[in-house]
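Structure first, commentary second.
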Protein chains: 2
Amino acid sequence: MAKRPVTIPDSELDVLKVLWDREKATVREVLESLRLVGREWSYATVATLLDRLETKGVVTSDRSELAFVYRPAITAHEVQQKRVKSLVEKLYQGEPGLLVLHLLKSHPLDAKQASEVRAILDDMTKMPDPNNA
Amino acid sequence: MAKRPVTIPDSELDVLKVLWDREKATVREVLESLRLVGREWSYATVATLLDRLETKGVVTSDRSELAFVYRPAITAHEVQQKRVKSLVEKLYQGEPGLLVLHLLKSHPLDAKQASEVRAILDDMTKMPDPNNA
DNA sequence: CGTATCCTAAGACAACTGTCGTCACGTCGT
DNA sequence: ACGACGTGACGACAGTTGTCTTAGGATACG
């Protein structure tokens with residue numbers, strides 16, 4: 001039956017982001033958070049999106065309170081991983097390095113980030129194989 | 001009428017990539033290129049995708065030969081820009097630097113790429129504003 | 001208890017995607 | 001001239017996404 005891979009479309013991602021921020025929330029709370037960010041959705045829309053997310057298994061709900069309380073079941077990090085991986089495969093020949101280069105060429109880093117990058121690079125080249133006996 | 005933004009779904013991207021590689025191609029040529037990469041689509045499917053791409057204005061066609069010859073009307077670079085921008089906005093708070101850090105942390109660069117990155121960083125910090133009088 | 005509220009469930013619906021089937025048409029070899 | 005064949009236009013169809021309406025159940029409060 002080969003279940004198709006779980007995808008998270010943009011509108012669902014918007015509600016998921018609220019859950020990441022708030023840790024947990026009811027439909028209404030999500031709705032209000034989204035209002036603050038300019039997303040004017042109806043209550044039903046938000047409910048549908050949460051429902052779809054739950055069906056996909058990326059959020060959980062529990063009904064100890066009056067209304068269902070939803071929580072994220074995956075981390076932002078996981079979603080980032082997947083999206084980046086897919087982007088790199090689709091447009092950068094599976095070479096993350098190409099994307100890095102592209103990013104650096106088009107967007108200057110601030111000083112703090114630049115030094116972080118340097119640190120990482122140094123680590124990387126200093127000890128090529130820390131696990132080797 | 002606010003026409004919705006041009007999006008290029010994955011399957012269309014696959015055919016567009018062939019056009020980027022070959023510079024120009026007929027439906028049948030695209031079909032064959034895709035076969036080589038493991039994409040077993042019917043002729044009609046490829047034709048539909050090219051048609052949709054043309055409607056969106058991202059490829060052009062000309063019929064000097066027997067069959068239409070399609071050419072890309074946007075560059076891979078443009079598509080990369082858009083996709084990356086959107087990814088950064090959606091998952092990295094609009095901070096390209098965060099994505100760079102993320103990439104470097106999870107994927108080691110090879111030596112060549114690493115030195116390229118260093119070079120770019122050096123340029124960046126050495127002369128913050130080369131255009132300034 | 002009666003009713004104003006809030007909540008969920010169900011489903012509707014158009015647009016977009018992924019994938020084709022076909023039919024009519026021009027072309028090419030015989 | 002004729003038939004085999006490649007081509008493109010048209011359209012179909014299910015699944016996904018974006019968004020909402022509404023009906024019906026639980027709650028809370030006078």
B:A67 has its side chain closest, among D:dG18, D:dT17, D:dG8, to D:dG8
Between CD1 of A:I8 and P of D:dT17 the distance, given in whole Å, is 10 Å
Closest to the 5' end of DNA chain D, once A:E12 and A:A44 are matched to their nearest nucleotides, is A:E12
For A:R28, which contact category applies under a 4.0 Å heavy-atom criterion: base, sugar-phosphate, or nothing?
-> sugar-phosphate
Side-chain contact, heavy-atom cut-off 4.5 Å: B:L34 with B:W41?
yes
Between CG of B:L50 and P of D:dT7 the distance, given in whole Å, is 13 Å
SB check B:D122 A:R118 (cutoff 4.0 Å)
yes
To the nearest angstrom, the CG-C1' distance between B:L31 and D:dG6 comes to 12 Å
Separation of D:dA12 atom C1' from B:R52 atom CZ, nearest Å, is 11 Å
Query raised in the report: With a non-hydrogen cut-off below 4.0 angstrom, is B:T7 in contact with a base, only sugar-phosphate, or nothing?
Result: sugar-phosphate
Next item on the list: Would you mind classifying the nucleic acid contact of B:S11 as base, sugar-phosphate or nothing, using non-hydrogen atoms under 4.0 angstrom?
Entry: sugar-phosphate
* To do: Would you state whether a donor and an acceptor, one from the side chain of B:R63 and one from the base of D:dG8, lie under 3.5 Å apart?
  => no
Item checked: pair B:I8-B:I74: side-chain heavy atoms closer than 4.5 Å -> yes
Subject >> A:K56, NZ atom: more than 12 neighbouring heavy atoms under 6.0 Å >> reply: yes
Between CD of B:E65 and C1' of D:dG6 the distance, given in whole Å, is 15 Å
When rounded to whole Å, the CZ to P distance for the pair A:F68 and D:dA26 reads 13 Å
Span of DNA chain C engaged by chain A, first through last nucleotide within the 4.0 Å heavy-atom cut-off, is C:dC7 to C:dG11
Per nearest nucleotide of DNA chain D, the residue lying toward the 5' end, B:T48 or B:T26, is B:T26
Q.
Regarding B:E78 and B:K82, does a basic nitrogen lie under 4.0 Å from an acidic carboxylate oxygen?
A. no
Atom CG of B:L49 and atom P of D:dG8 are separated, to the nearest Å, by 14 Å
What one should report as the nearest heavy-atom pair of A:T26 and A:A67 is CG2-CB, 4.3 Å
Rounded to whole Å, the CG-P distance (A:L66 to D:dC29) equals 10 Å
Side-chain contact, heavy-atom cut-off 4.5 Å: B:D14 with B:V37? no
Note to self: Any base atoms under 4.0 Å from A:Y43, or only sugar-phosphate, or nothing? Heavy atoms, all strands.
What the structure shows: base
